[in-house]
Student: 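Here you go, one structure.
Keep in mind it's a predicted model, so treat the numbers as computed, not measured.
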Amino acid sequence: MKRVGAVTNIFRHPVKAMKGEQLQTSLVDRFGLYGDRGYAFLDESRNGKYLSADIIPGLLGYSARLLGESGEDAYPEVRIQTPNGAEYGWEEALFADVARTANRQITPLMSTPQEGGKNWEDHILLVTDASLREIARLIGWESIDPRRFRANLVVALDEDRSFAEDEWIGKHLQINDVVLQVNKHCERCHYVNIDPDTLQMNPAVLKTCVKRHDNHFGVYASVVRPGQVTEGDVVFYV
């Protein structure tokens, strides 16, 4: 095995398209981080596609967390704080609040651990610190918030080389006892333009991803062997 870096941040998004939670450690099941996107909404105005923040940026004003670590038959209860500070479980009052924000008809969905969460692509999205610095440098910022990119794992590379993660595609990575198969690039959308705290839009982020790296940022991986990941875990080529 060859060491490539270490995990510096772990992010889980219990409700698809909403702000997630930063974890120090997480179970990885066969679908990715346990509970990631275990809850979601369908957008009935778009033929039942998933409700998404690139269409409704205000969704990122909602913050979701799970009230437990595991469960075999059902995901732990989710709690969502709304932009005005109210807090709900997965209940009708929340659904009405989200429908008002989205200004459209929605349908709530709740998955089980046997089904896995509602990921768009593969199970886990990884980005690297070197690539984040490169995008920030090109925009003219000192740094850029990794939460813009909705990654599950942020990896600090041993070699400070932007987009070194391109070389992971088609390879296996091992993190603690977890083994991942890296499958493809993540093609970006307007999500990355949204400041996760202020919700202000800045088109420079997506434009820079397009110009610098053909609108790709980060890589998708699927789970070969489940286990546990923790901040500080070393990342190896297998």
Side-chain angles (χ1 to χ4, degrees), residues 10-23 26 29 31-71 73-125 145-152 186-203 205-206 218 220:
I10 301 170
F11 296 104
R12 177 172 64 190
H13 309 96
V15 181
K16 189 172 179 63
M18 291 184 179
K19 190 181 300 181
E21 54 185 342
Q22 186 168 357
L23 306 174
S26 176
D29 62 20
F31 298 109
L33 297 192
Y34 175 83
D36 191 52
R37 297 170 177 87
Y39 299 81
F41 292 94
L42 295 183
D43 182 347
E44 299 301 343
S45 72
R46 300 174 63 227
N47 298 317
K49 293 182 178 179
Y50 288 114
L51 194 65
S52 62
D54 60 328
I55 303 297
I56 311 294
L59 290 173
L60 288 178
Y62 294 79
S63 180
R65 70 188 192 281
L66 295 182
L67 301 183
E69 294 183 1
S70 64
D73 298 324
Y75 289 126
E77 181 183 355
V78 67
R79 298 296 293 178
I80 297 101
Q81 187 175 66
T82 70
N84 65 11
E87 190 167 291
Y88 299 110
W90 197 246
E91 58 187 286
E92 290 297 331
L94 170 71
F95 308 155
D97 194 295
V98 173
R100 286 192 296 271
T101 296
N103 193 28
R104 62 195 65 203
Q105 184 179 349
I106 60 173
T107 299
L109 296 177
M110 182 171 59
S111 301
T112 68
Q114 290 75 35
E115 298 170 314
K118 304 300 182 183
N119 285 317
W120 283 112
E121 302 283 352
D122 292 288
H123 304 148
I124 289 181
L125 177 58
D145 194 324
R147 293 178 298 162
R148 286 181 180 266
F149 298 93
R150 304 289 287 180
N152 297 117
C186 176
E187 186 171 350
R188 289 301 174 172
C189 66
H190 293 288
Y191 257 109
V192 300
N193 289 334
I194 308 170
D195 185 297
D197 290 322
T198 67
L199 306 188
Q200 293 181 339
M201 301 283 288
N202 190 324
V205 182
L206 184 59
Y220 283 117

Student: Check whether any side-chain heavy atom of Leu33 lies under 4.5 Å from a side-chain heavy atom of Ile10, and answer yes or no.
Tutor: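 In short, these two side chains touch, coming nearer than 4.5 Å.
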Student: Using 30° and 60° as the class limits, which term best fits the ring planes of Phe41 and Trp90: parallel, tilted or perpendicular?
Tutor: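 The arrangement is tilted - the two ring planes meet at 30° to 60°.
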Student: Is there a donor in the side chain of Gln105 and an acceptor in the side chain of Ser45, or the other way round, less than 3.5 Å apart?
Tutor: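 No.
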Student: We want to know whether Asn152 and Asp36 form a side-chain donor-acceptor pair, criterion being a heavy-atom distance below 3.5 angstrom.
Tutor: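 Looking only at side-chain atoms, Asp36 and Asn152 do form a donor-acceptor pair, the distance falling under 3.5 Å.
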Student: Please check: side-chain N/O of Glu91 versus main-chain N/O of Gly89, any donor-acceptor pairing under 3.5 Å?
Tutor: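 Yes, the answer is positive, given that a donor and an acceptor are paired below the 3.5 Å cut-off.
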Student: Run the numbers on Val78 and Leu67 for side chain to side chain contact (heavy atoms under 4.5 Å, CB included), then give the verdict.
Tutor: CA-CA 6 Å; Val78 67; Leu67 301 183; over 6 Å; no
Student: Applying the side-chain contact (heavy atoms from CB on, under 4.5 Å) criterion to Ile106, which one of Asp43, Leu42, Val98 satisfies it?
Tutor: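 The passing option is Val98.
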Student: Donor-acceptor pair, distance only, cut-off 3.5 Å: does the side chain of Thr82 make one with the backbone of Ala86?
Tutor: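 Such a contact is found between Thr82 side chain and Ala86 backbone.
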Student: Side chain of Asn193, backbone of Leu206: donor and acceptor closer than 3.5 Å?
Tutor: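 Present.
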Student: Taking it one step at a time, do Lys19 and Asp197 satisfy side chain to side chain contact (heavy atoms under 4.5 Å, CB included)?
Tutor: CA-CA 9 Å; Lys19 190 181 300 181; Asp197 290 322; 4.0 Å; yes
Student: I'd like to know whether CD of Gln200 has more than 12 heavy-atom contacts from other residues, nucleotides or ligands below 6.0 angstrom.
Tutor: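 No.
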Student: Could you check if a side-chain atom of Pro83 sits within less than 4.5 angstrom of a side-chain atom of Tyr62, using non-hydrogen atoms only?
Tutor: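 The answer is yes, as the side chains (C-beta and beyond) meet within the 4.5 Å cut-off.
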Student: Quick one: CG on Leu60 to NE2 on His13, what's the gap to the nearest 0.5 Å?
Tutor: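 Spacing of CG (Leu60) from NE2 (His13) equals 9.0 Å.
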Student: Looking only at heavy atoms, which two atoms of Val15 and Arg150 are closest? And how far apart?
Tutor: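 That closest heavy-atom pairing would be O-NH2, 4.3 Å.
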Student: Within the distance-only criterion (no hydrogens, no angle test), does the side chain of Tyr191 pair as donor or acceptor with the backbone N or O of Ala53 below 3.5 angstrom?
Tutor: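 Between the backbone of Ala53 and the side chain of Tyr191 there is a qualifying donor-acceptor contact (under 3.5 Å).
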Student: To check you understand the geometry: which heavy-atom pair defines the closest contact between Tyr34 and Leu66, and what is its length?
Tutor: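 Closest heavy-atom pair between Tyr34 and Leu66: O-CD1, 4.5 Å.
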Student: Heavy atoms only: give me the nearest Glu115-Met110 pair and the separation to one decimal.
Tutor: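 For Glu115 versus Met110, the nearest heavy atoms are OE1-O, 4.3 Å.
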Student: Side chains of Thr101 and Ile56: does their closest heavy-atom pair fall under 4.5 Å?
Tutor: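 Side chain of Thr101 against side chain of Ile56, heavy atoms only: contact under 4.5 Å found.
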Student: List the residues meeting side-chain hydrogen bond (donor to acceptor under 3.5 Å, both in side chains) with Arg12, not counting sequence neighbours, and say none if there are none.
Tutor: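 Arg12 satisfies side-chain hydrogen bond (donor to acceptor under 3.5 Å, both in side chains) with Glu21 once adjacent residues are dropped.
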Student: Answer yes or no: is there a donor N or O on one side and an acceptor on the other, between the side chain of Arg104 and the main chain of Ala102, under 3.5 Å?
Tutor: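 At least one qualifying donor-acceptor pair exists.
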Student: Are Tyr88 and Phe95 an aromatic pair by the rule of ring centers under 6.0 Å?
Tutor: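 Not close enough - the centres of the two rings lie 6.0 Å or further apart.
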Student: What residues, two or more places apart in sequence or in another chain, satisfy ring-ring contact (aromatic ring centres under 6.0 Å, His included) together with Phe11?
Tutor: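 Phe11 satisfies ring-ring contact (aromatic ring centres under 6.0 Å, His included) with no other residue.
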